[in-house]
Amino acid sequence: MGGAGRPGRGTGRGGRRSGMLGHMPDWTYAPAPESRDIARLRESYGMFVDGAFTAGGETLKSVNPATEEVLAEVAVAGAADVDRAVAAARRAYERVWGPMPGRERAKYLFRIARIIQERARELAVLETLDNGKPIRESRDVDVPLAAAHFFYHAGWADKLEYAIPGRPDPRPLGVAGQVIPWNFPLLMAAWKLAPALAAGNTVVLKPAETTPLTALVLAEICQQADLPPGVVNVLPGAGPTGAALVRHPGIDKVAFTGSTEVGREIQRTLAGTGRRLTLELGGKAANVVFDDAPLDQAVEGIVNGIFFNQGHVCCAGSRLLVQESVHDEVVEKLQRRLGTLRLGDPLDKNTDLGAVNSAEQLARVRELSDIGEAEGAHRWSPACTLPERGFWFPPTIFTDVAQSHRIARDEVFGPVLAVLTFRTPAEAVEKANNTPYGLSAGVWTEKGSRIFWMTQKLRAGVVWANTFNKFDPTSPFGGFKESGFGREGGRHGLEAYLD
Amino acid sequence: MTESSRERSSAPPGRIAVRKTYKLYIGGAFPRSESGRSYEVSAVDGRFLANAAQASRKDARDAVVAARKAQPGWAKATAYNRGQVLYRVAEVLEGRRAQFVADLRDAGSPDAEAEVDAAIDRWVWYAGWTDKVAAVLGTVNPVAGPYFDFSAPEPTGVVAVLAPQRSALLGLVSTVAPVIATGNTCVVVASTDRPLPAITLAEVLATSDLPGGVVNLLTGSTPEIAPWLAAHADVNALDLTGADPAGAVELEIAAAQTVKRVLPAPAAEPDWSADPGLRRLSAFLETKTVWHPLGV
């Protein structure tokens, strides 16, 4: 999934030079862009409340991070809009969605899954325009998985009595307020909406301010599916809109995906209210490579782990822990592999690395990378020409990293890998767990008993062994420790929306 | 409270009863509070019962250190082994039933005998869960790709338990047993006004093959100790069952700093005789999902 492209790519239109690959063919690639017309981009998008799109007072401009071109004006929801949306969701919950038999709710969700599949190409292009991620990823990962989440959860809607052991008569919670990030805009909307709706809740969803477009097309898909008005409401906006939503007294449950800092604030806000909360927060995953691992496969996994979606992944394998005896070999292979990655036009089907999502995020990635250098780590990027316009950062590896360095501790949320070493399995575990986060981890080894020993010891909610960054609606995803609580996906994910 | 009115009034002249010093239970040992403080505990009829240790924030932190130290070993013990240890607790508790009945009468239990019966049965119930909870809460996930993928519950880590204020034994057992059954360790703050059954329980735990540090028990003022546990960065979860209603919100706010799992304070103390269900077990479990490719 993502990132791990085919070997042997050379210089391309994206401006890559393959300086260190003298012995490899210096292939050129003809441009292969998706047409942006497929996105059916409109000049302006309204918010979606009670089954209808309406304009707001203020607007925000959604920008293509690859070009800095303004894509569309989008209505911003204010406090009054939040009131309106929560009231609509409450009405829909009490009058329509709550009382509706599960088998009927299921059919709406199946319809949504099917329409996402029908409009997959449009959604993929729109997602790439709005987010900056390569079309290969939006087309092969984000959109198909979004459809899969609706399809999977649709089937649960009339089987909820089997979902949670010991709870033969689970009840929905009511109105859910959901706030999602900009790294997987449509997919996160699907992760949030599908289980909530299957369980019989209604939803007010706030997409991220830099990536609101696909969530609004998803709202349109809800219209096409004849979903009753008020069951899904989508309120674009920035922090203030999200804050108004999560502290709204008409909400019964809050689900948030984003930074640990904001997650803490939401947990404080909800203290004493008795409202249910699930948090999917940051991470600083260790990807542990033992000396017996199949190193070429491991290198593909490392690349996929940290450069998938430009590293804008909460579960990214941002700390490579490599056994000392193979450190030099792994770093060399990694550098060679990075030399073949193609950075550039996200709409080009041959692009591996797209744009950083926003100027703000780019500034953060730059700042932490500069700190990494200042603290004494060795910084390396392949020779790389970045496009002149847009927000770009080259794939970057830091070696000679100490555990105390901020690039080994802070979530960079960008294409930046910190490489550390270990000698014994016990040291690998100690270093991997030496973080307040606990979202994911990776292990690479040929030895079966060691895989299970490691997966038991690693304090993380998802452990990928000899693979990385795999996702599936049937597979529970979520964090230990300060990476949050609650799961999304599988039987466990439904528990977040049932009493 | 063994050395209660019973012995004091019925003791024959010439035989002076040997009274017990009630202390804390930390890391398998019974220290006094490092603060040197104690507070007077009385029976429901107002009789003096004991000078219990009044734990300080330093005691709370020591208890967290002990709980953290014990956690990996306890989690690593086989589920069968944890089940036998918990069952052993029930056996030893049964053997001390007269003492608990006397303690609970002093603590104002409406039916001390029934409460002890129910507390023993609850230990047995949770002892049986240790090697079943993973099968019931775990899943094999049929992902759309060539991967073997499964999810299994794991202990959250160190849990701070504010034990219920009213039900000094059954409520205590019903909050502590589900926490440790799954491999968590805990720091328990006993009922402020009814701490003596908790200390007697600690004596049972100390003689039941339970490794030191798995349960650490503090007596004293719940409102005084709780904020230090709620804010402690090495505590992973917080059970607010016995929290002072006025202070519970502040505890939840403090817990958010390290994204603790919080079991919120109930509106009123639950009916502990009801079927507990799985909620208290699952409240302090994390789901871990493991992926591995399939291939030859």
Side-chain angles (χ1 to χ4, degrees), chain A residues 1 144-145 148 152 164-167 260 263-274 277 279 281 297 436 438 440 443 448 451-452 455-468 470-487 489-492 495, chain B residues 72 75-76 132-133 135-154 156-157 233 236-237 240 245 247-262 264-267 275-279 281-283 285-293 295:
Chain A
M1 166 173 310
L145 267 180
Y152 171 77
I164 308 175
R167 274 191 250 174
T260 293
R264 273 189 197 112
E265 193 48 48
I266 292 173
Q267 195 178 353
R268 283 189 203 107
T269 301
L270 294 190
T273 62
L277 174 65
L279 298 172
L281 308 177
Q297 283 177 42
S440 64
V443 185
I451 288 172
F452 286 108
T455 56
Q456 271 192 343
K457 299 272 180 193
L458 291 166
R459 299 288 290 157
V462 185
V463 181
W464 288 291
N466 291 328
T467 184
F468 210 94
K470 302 291 175 214
F471 310 95
D472 194 275
T474 66
S475 180
F477 181 94
F480 281 28
K481 300 196 284 185
E482 293 182 29
S483 288
F485 43 73
R487 290 292 175 270
R491 209 176 70 185
H492 299 79
E495 205 170 334
Chain B
K76 211 175 97 180
K132 293 158 195 76
V133 71
V136 172
L137 298 183
T139 52
V140 173
N141 311 312
V143 297
Y147 297 91
F148 180 57
D149 182 305
F150 64 93
S151 298
E154 291 198 1
T156 297
N236 300 106
L240 292 177
V249 175
E250 285 305 313
L251 297 177
E252 280 196 53
I253 290 171
Q257 183 58 31
T258 52
V259 197
K260 289 184 181 69
R261 290 82 178 105
V262 178
D275 175 5
L278 292 179
R279 287 180 194 250
L281 284 167
S282 54
L285 287 171
E286 309 290 317
T287 300
K288 180 184 280 178
T289 298
V290 176
W291 292 70
H292 196 279

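Note that the structure is a prediction, hence the values are computed from the model and not measured.
Residues Asn466(A) and Gln297(A) are not in side-chain contact: their nearest non-hydrogen atoms beyond the backbone lie 4.5 Å or more apart. Under the 4.5 Å side-chain criterion, counting only non-hydrogen atoms from C-beta, Phe471(A) is in contact with Leu145(A). Contact annotation: the side chain of Val143(B) never approaches that of Phe148(B) to less than 4.5 Å [non-hydrogen atoms, C-beta and beyond]. Between Leu279(A) and Val259(B), some side-chain heavy-atom pair lies under the 4.5 Å cut-off.
Using a 4.5 Å cut-off between heavy atoms, Glu265(A) makes no contact with chain B at all. Interface remark: Val262(B) contributes side-chain atoms only to the contact with chain A (heavy atom separation under 4.5 Å). Only the side chain of Lys76(B) comes within less than 4.5 Å of a heavy atom of chain A; its backbone N, CA, C and O stay farther away. Residue Ala148(A): no heavy atom, backbone or side chain, is found under 4.5 Å from chain B. For a residue to count as touching a neighbouring chain, one of its non-hydrogen atoms must lie under 4.5 Å from one of that chain's; by this rule Leu251(B) does not touch chain A. If you measure heavy-atom distances from Ala248(B) to chain A, you find no contacts under 4.5 Å at all. Of the two parts of Thr260(A), only the side chain, counted from C-beta on, holds a non-hydrogen atom closer than 4.5 Å to a non-hydrogen atom of chain B. Both the backbone and the side chain of Pro293(B) come within contact range of chain A, each with at least one heavy atom under 4.5 Å from a heavy atom of that chain. In this structure, the portions of Pro476(A) lying under 4.5 Å from any heavy atom of chain B include both its backbone and its side chain. With a 4.5 angstrom heavy-atom cutoff, Ile164(A) does not touch chain B via any of its atoms. Using a 4.5 Å cut-off between heavy atoms, Leu281(A) touches chain B through its side chain atoms alone. In this structure, chain B has no heavy atom under 4.5 Å from any part of Tyr152(A). For Arg487(A), the part sitting under 4.5 Å from any heavy atom of chain B is the side chain, from C-beta outward, and nothing else.
The shortest non-hydrogen separation linking Asp472(A) to Ala144(B) is OD2-N, 2.8 Å. Listed here is the closest heavy atom pair of Pro264(B) and Glu252(B): CB-OE2, 4.1 Å.
Taking Glu154(B) as the reference, Arg459(A), Lys288(B) meet the salt bridge (Lys or Arg N to Asp or Glu O under 4.0 Å) condition, with sequence neighbours excluded. By the salt bridge (Lys or Arg N to Asp or Glu O under 4.0 Å) test, Lys481(A) pairs with no residue at all, sequence neighbours left out.
Judged by distance alone, the side chains of Ser151(B) and Asn141(B) do bring a donor and an acceptor atom under 3.5 Å apart. In the model, Glu286(B) has a side-chain atom that pairs as donor or acceptor with a side-chain atom of Thr156(B) under 3.5 Å.
When each of Gln456(A), Glu495(A), Arg268(A), Lys457(A) is checked for heavy-atom pairs under 4.5 Å with chain B, Arg268(A) comes out on top. Between chain A and the options Asp149(B), Asp275(B), Thr258(B), Asn236(B), the largest number of non-hydrogen pairs under 4.5 Å is found for Thr258(B). Ranked by heavy-atom pairs shorter than 4.5 Å toward chain A, the options Leu278(B), Val249(B), Val290(B) are led by Val290(B). Put simply, of Pro436(A), Gly484(A), Gly263(A), the one with the most heavy-atom pairs under 4.5 Å next to chain B is Gly484(A). For the set Gly166(A), Gly461(A), Gly478(A), Gly438(A), the count of heavy-atom pairs under 4.5 angstrom toward chain B peaks at Gly461(A).
Note: Tyr147(B) OH to Thr467(A) OG1 = 4.0 Å, rounded to the nearest 0.5 Å.
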